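Reckoned from all heavy atoms, side chains included, excluding hydrogens, waters and symmetry mates. In this text the structure is predicted, and so the values were computed from the model without any measurement. We name chains A, B, ... by the order of the sequence lines, and we start the count at 1 in each one.
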Amino acid sequence: MNRSYNQAAGGRRVSEAIVEIVGLRKVYGGKNSVTAVDGIDLHVEAGLIYGLLGPNGAGKTTTISIATTRAIPTAGSVKIAGVDVVAHPALARRSIGVVPQYNTLDRSCTVAENIHFHCRYFGMSNAEATARTAQLLEQFRLSDRTQAYPQALSGGLAQRLQIARAIAHYPKVLFLDEPSAGLDPQSRIAMWEAVQALRGEGITVVLTTHYMEEADALCDRLAIIDHGRILIEDTPAALKASVGGDKMYDLRMHGVRDSGLLERRLQVIEGVTGVEVIEGGLRVLARAQDGLLAKVVTIANEFGLRDMTTTEPSLETVFIRLTGRDLRE
Amino acid sequence: MGEVVGRGDDVRWVIYSRAFLGLMERDLRVLRREMVPFVIRIAMNPLLFLFVFSYVMPHMSGGATMSPVAGMAGGGGGFGTVLLPGLMAVAIMFSGIAAVALPLAQEFGITREIDDRVMCPLPIAAVAMEKIIFSAIQSVLAAALVFPLAYYIPSTPVLAHVTSWWFLGAVVVLASLLAGALGLTIGTSVQPKQIGLIFGVVIMPITFLGCVYYPWTALTHIRWLQIGVLVNPIVYMSEGLRAALTPTTGHMPEVMILAMLTFFLVLLTWAGMRGFARRVLS
């Protein structure tokens, strides 16, 4: 059912912006007015899994609240599938699926009814709603819990049901706000799989997260947000590449003797793309190649190497470089 | 099949009315499942009240003189005749509280489960309107349930007589919608922690000062009270039902009743919707 509709959604030009945010600002008034969103522009192409990565309080949830008609922006505009969410909230909601941070399942209704009535709210006939419910319960492996009440579900199951319900009316965009908050690792991976499977249904996904692993594993593109602004926007691979090397050797030194000289000597090793000062020593950025590590260690030893760690650049590295702070702070 | 879901040329009101009916269907399903608690909730208060005041006390020695308003029902009929419209009004009012205020306080403050219904393709005011209308349906059911209790339990015959079914219908519908609007206003303006307090601070005073257990005309010797209670919407519910069902007791003018029920309905609907929008949108 609804095959034709799905194809219509999936067959759009890929370059078309399904979520278009321009100059978005949100200031919460009162005595201590807080600028939660401070001029965000975002252009999400259809069919992507798009991530908003940033620490708590960065403005991610506020951005999503505005995009999903739950908050009124102070300035700027949001269009979902061409519909202005501030001017036409009720109509825009037809293109929007939402999974908020907290569990909003209808506790007076069973698992199946949660999906069924959601379909009814969006205008499906009783037969259509029943068929769609059965299909989603199957797809999200909830078929053996259809008559259970949400209170009886584990966190992972409840989250899957929330996603199933959110996409029941074939929205064009699914917003997931911190989808893995409070999930155990196994449920998180199951949730990632469920989200990735949505790609095949032509649903664009916009999610917020402060877990860099999640952003890295799930998202096609990312915007890193801090203090209500977008700092950088690109694919996870490009963001990590921007660090300038695919290996990082963090050298901890006994004291900081002649670090300038050490820096110069490390810099000329073939394959090293950069050396920078970190707390207690130096960080060497390099392209992975045989023998490089040995050379680095040999030279550093002459200057009193105490310890060394090898890592690969992560989104965390990108965030720290942009803000000077840890993502988890 | 299914095309209606995504077709862009659906007229707006079709989308809205389907969403609205979907919400009603959901509420009906939940109500049907909770029918037994619903009936107990509604029937218990009038049942006990009637049993004690209009059955037990008149049977006690000297009971007739103990009945506080024995002589009040002007055209005859005992306290039971006074209580019939009053208890129906309380049932109508309380249904609004139980159907809207209590669940909303819970949903806004703790569970946030209203979110999915707020996210349906319907203006937020219409989502709030659905709450009021569904609550009104429960209020009508409650009034219908209380009527036979209040009619048959009292030991002295209850003098009920309907002269205008139109007037009765208008009063019941207006009072029921008003109860829903009151529930919406309370439910969106209090924190769930305070909901227990609402019973003491709002429900009890508006019930006891709502001309439920005595007709408004009988307050004529306590003039300040007779004027003071006019700000209480429950007064017009009780008096409206009194005028419609037990006119012999004496009551306010019909026109005033309908006008004031309408006034409070508009006022509380406005306040409730404002509160609803404020709680839903940030």
S.K.: Flag the one option from Leu105(A), Val98(A), Asn114(A), Leu91(A) with the top tally of heavy-atom pairs under 4.5 Å to chain B.
M.R.: Leu91(A)

S.K.: Is Val280(B) in contact with chain A via its backbone, its side chain, both, or neither, using a 4.5 Å heavy-atom distance?
M.R.: both

S.K.: Does Glu138(A), at its CD atom, have more than 12 non-hydrogen atoms belonging to other residues, nucleotides or ligands within less than 6.0 Å?
M.R.: no

S.K.: Examine whether an atom of Ser65(A) lies under 4.5 Å from a heavy atom of chain B, and if so say whether it belongs to the side chain, the backbone or both; otherwise answer neither.
M.R.: neither

S.K.: Using non-hydrogen atoms only, which part of Glu113(A) is less than 4.5 Å away from chain B: side chain, backbone, both, or neither?
M.R.: side chain

S.K.: For Tyr121(A) and Arg26(B): C-alpha separation, side-chain torsions, deciding distance, then whether side chain to side chain contact (heavy atoms under 4.5 Å, CB included) applies.
M.R.: CA-CA 9 Å; Tyr121(A) 303 157; Arg26(B) 179 258 170 206; 3.3 Å; yes

S.K.: To the nearest 0.5 Å, how far apart are CG in Asp106(A) and CD in Glu107(B)?
M.R.: 7.0 Å

S.K.: Applying side chain to side chain contact (heavy atoms under 4.5 Å, CB included) to His116(A) and Glu25(B), what does each step give before you reach the verdict?
M.R.: CA-CA 11 Å; His116(A) 183 89; Glu25(B) 192 185 325; 4.3 Å; yes

S.K.: Just wondering, do Gln101(A) and Arg112(B) contact through their side chains at under 4.5 Å, heavy atoms?
M.R.: no

S.K.: Identify which part of Leu122(B) has an atom lying under 4.5 Å from any heavy atom of chain A, answering side chain, backbone, both or neither.
M.R.: backbone

S.K.: If you round to the nearest 0.5 Å, how far is CZ of Arg93(A) from CD1 of Ile124(B)?
M.R.: 5.0 Å

S.K.: I need the Met119(B) CE to Arg165(A) CZ distance, nearest 0.5 Å.
M.R.: 10.5 Å

S.K.: Which atoms of Tyr16(B) come close to chain A, meaning under 4.5 Å heavy atom to heavy atom: side chain ones, backbone ones, both, or neither?
M.R.: side chain

S.K.: Filter on side-chain hydrogen bond (donor to acceptor under 3.5 Å, both in side chains), then keep only pairs touching residues 259-282 of chain B, sequence neighbours left out; what's left?
M.R.: none

S.K.: Could you name each residue pair satisfying salt bridge (Lys or Arg N to Asp or Glu O under 4.0 Å) that touches residues 57-81 of chain A, not counting sequence neighbours?
M.R.: Lys60(A)-Glu178(A), Arg70(A)-Asp115(B)

S.K.: With heavy-atom distances below 4.5 Å as the criterion, would you say the side chains of Arg33(B) and Ser108(A) are in contact?
M.R.: no

S.K.: Would you mind checking which part of Thr62(A) comes under 4.5 Å of any heavy atom in chain B, side chain (CB onward), backbone (N, CA, C, O), both or neither?
M.R.: neither

S.K.: Given a strict heavy-atom distance threshold of 4.5 Å, which part of Ile72(A) is in contact with chain B: side chain, backbone, both, or neither?
M.R.: both

S.K.: Heavy atoms under 4.5 Å from chain A: which residues of residues 127-151 of chain B carry them?
M.R.: none

S.K.: How about Tyr152(B): does its OH atom have over 12 heavy atoms from other parts shown lying under 6.0 Å from it?
M.R.: no

S.K.: Is atom CE of Met44(B) surrounded by more than 12 heavy atoms (other residues, nucleotides or ligands) closer than 6.0 Å?
M.R.: no

S.K.: Could you give the distance from CG (Leu281(B)) to OG1 (Thr69(A)), rounded to the nearest 0.5 Å?
M.R.: 7.5 Å

S.K.: Report yes if some heavy atom in the side chain of Arg29(B) is under 4.5 Å from a heavy atom in the side chain of Cys109(A); otherwise report no.
M.R.: no

S.K.: Considering non-hydrogen atoms only, spot the tightest contact between Ala90(A) and Pro123(B) and give its length.
M.R.: CB-N, 3.7 Å

S.K.: According to salt bridge (Lys or Arg N to Asp or Glu O under 4.0 Å), does anything in residues 29-40 of chain A pair up with another residue at least two apart or in another chain? List the pairs.
M.R.: Arg25(A)-Asp38(A), Asp38(A)-Arg229(A)

S.K.: Heavy atoms, side chains only, cut-off 4.5 Å: are Asp116(B) and Gln162(A) in contact?
M.R.: no

S.K.: Just how far is it from atom CE of Met24(B) to atom CZ of Arg120(A), taken to the nearest 0.5 Å?
M.R.: 13.0 Å

S.K.: Hey, could you give me the CE/CZ distance between Met124(A) and Arg18(B), rounded to the nearest 0.5 Å?
M.R.: 11.0 Å

